[in-house]
Amino acid sequence: MATSEVRVRPLHDRILVRRVEEESTTAGGIIIPDTAKEKPQRGEIVATGNGRVTEDGKVLGLEVKAGDKILFGKYAGTELKLDGIDYLMMKEDDVLGILN
């Protein structure tokens, strides 16, 4: 999903993330019911802000970009629903890593 498809542009060092659904079956073949599933901690960045503004007014660019697949903390971000799709708005600091 490109930034132009979403009607929200994050500010500063915030990013908009769409969760990527986890597998519903374990490696051993056990099916996990919906009631026992945890929310995924993986996502794809849909849109990013311009970067963090320092105290002296300089803008530091973000290390992540739209399209990156990321890992984030269990309680990271604020949940949003835009056009019927669930997103998370979070700061770049909430990102634990980029998946290769």
Side-chain angles (χ1 to χ4, degrees):
M1 193 175 247
T3 305
S4 62
E5 294 179 31
V6 180
R7 290 186 275 169
V8 171
R9 183 176 56 88
L11 297 177
H12 307 294
D13 64 337
R14 288 185 175 82
I15 58 175
L16 188 65
V17 176
R18 184 181 64 231
R19 288 186 195 265
V20 175
E21 289 301 317
E22 300 285 337
E23 295 294 322
S24 60
T25 307
T26 65
I30 298 171
I31 297 173
I32 303 169
D34 289 339
T35 56
K37 284 184 186 176
E38 291 189 13
K39 290 186 177 181
Q41 292 176 290
R42 294 179 183 206
E44 181 178 353
I45 297 177
V46 177
T48 64
N50 292 329
R52 184 170 53 91
V53 179
T54 62
E55 290 180 12
D56 59 352
K58 293 181 183 175
V59 176
L60 299 176
L62 301 177
E63 289 190 43
V64 296
K65 62 187 179 313
D68 283 350
K69 302 221 183 324
I70 60 167
L71 293 173
F72 49 86
K74 191 174 198 173
Y75 302 106
T78 301
E79 295 181 355
L80 302 171
K81 191 166 203 146
L82 303 170
D83 297 328
I85 301 172
D86 292 324
Y87 294 99
L88 283 172
M89 181 75 74
M90 65 180 73
K91 290 192 170 228
E92 184 186 35
D93 291 346
D94 292 334
V95 175
L96 302 176
I98 300 172
L99 297 169
N100 293 330

Can you measure from CZ (Arg9) to OG1 (Thr48) and round to the nearest 0.5 angstrom? 9.5 Å
Could you give the distance from CG (Leu96) to CG (Leu99), rounded to the nearest 0.5 Å?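 Output value for this atom pair is 10.0 Å.
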All pairs passing side chain to side chain donor-acceptor pair (under 3.5 Å) where residues 91-100 contributes a residue, at least two apart: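 Counting only pairs at least two positions apart or across chains, no side chain to side chain donor-acceptor pair (under 3.5 Å) contact touches residues 91-100.
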Looking at every non-hydrogen atom in both residues, tell me the closest pair between Met89 and Pro10 and how far apart they are. SD-CB, 3.9 Å
Is it possible for you to say whether [X] and [Y] belong to one hydrophobic cluster, with membership spreading through side-chain heavy-atom contacts below 4.5 Å?
X     : Y     : result
Val46 : Leu82 : yes
Ile85 : Val8  : yes
Ile98 : Phe72 : yes

I'd like to know whether Leu88 forms a side-chain contact (heavy atoms from CB on, under 4.5 Å) with Arg19, so could you lay out the CA-CA distance, the side-chain angles of the two residues, the decisive distance to 0.1 Å, and finally the verdict. CA-CA 8 Å; Leu88 283 172; Arg19 288 186 195 265; 3.6 Å; yes
In the structure I gave you, are the side-chain heavy atoms of His12 and Val53 within less than 4.5 Å of one another anywhere? yes
Show the numbers, then the answer: is there a side-chain contact (heavy atoms from CB on, under 4.5 Å) between Arg42 and Lys69? CA-CA 7 Å; Arg42 294 179 183 206; Lys69 302 221 183 324; over 6 Å; no
Within 6.0 angstrom of Asn50 CG, more than 12 heavy atoms from elsewhere: no
Going by atom type alone, with no hydrogens or angles, which donor-acceptor pairs under 3.5 Å involve a side-chain atom of residues 55-63 and a protein atom two or more places apart or on another chain?
{"unit_1": "Asp56", "atom_1": "OD1", "unit_2": "Thr54", "atom_2": "OG1", "d": "2.3"}

What residues form a side chain to side chain donor-acceptor pair (under 3.5 Å) with Asp13, not counting sequence neighbours?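 None.
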Among Ile15, Ile45, Thr78, Leu16, whose side chain to side chain contact (heavy atoms under 4.5 Å, CB included) with Met90 holds? Ile15
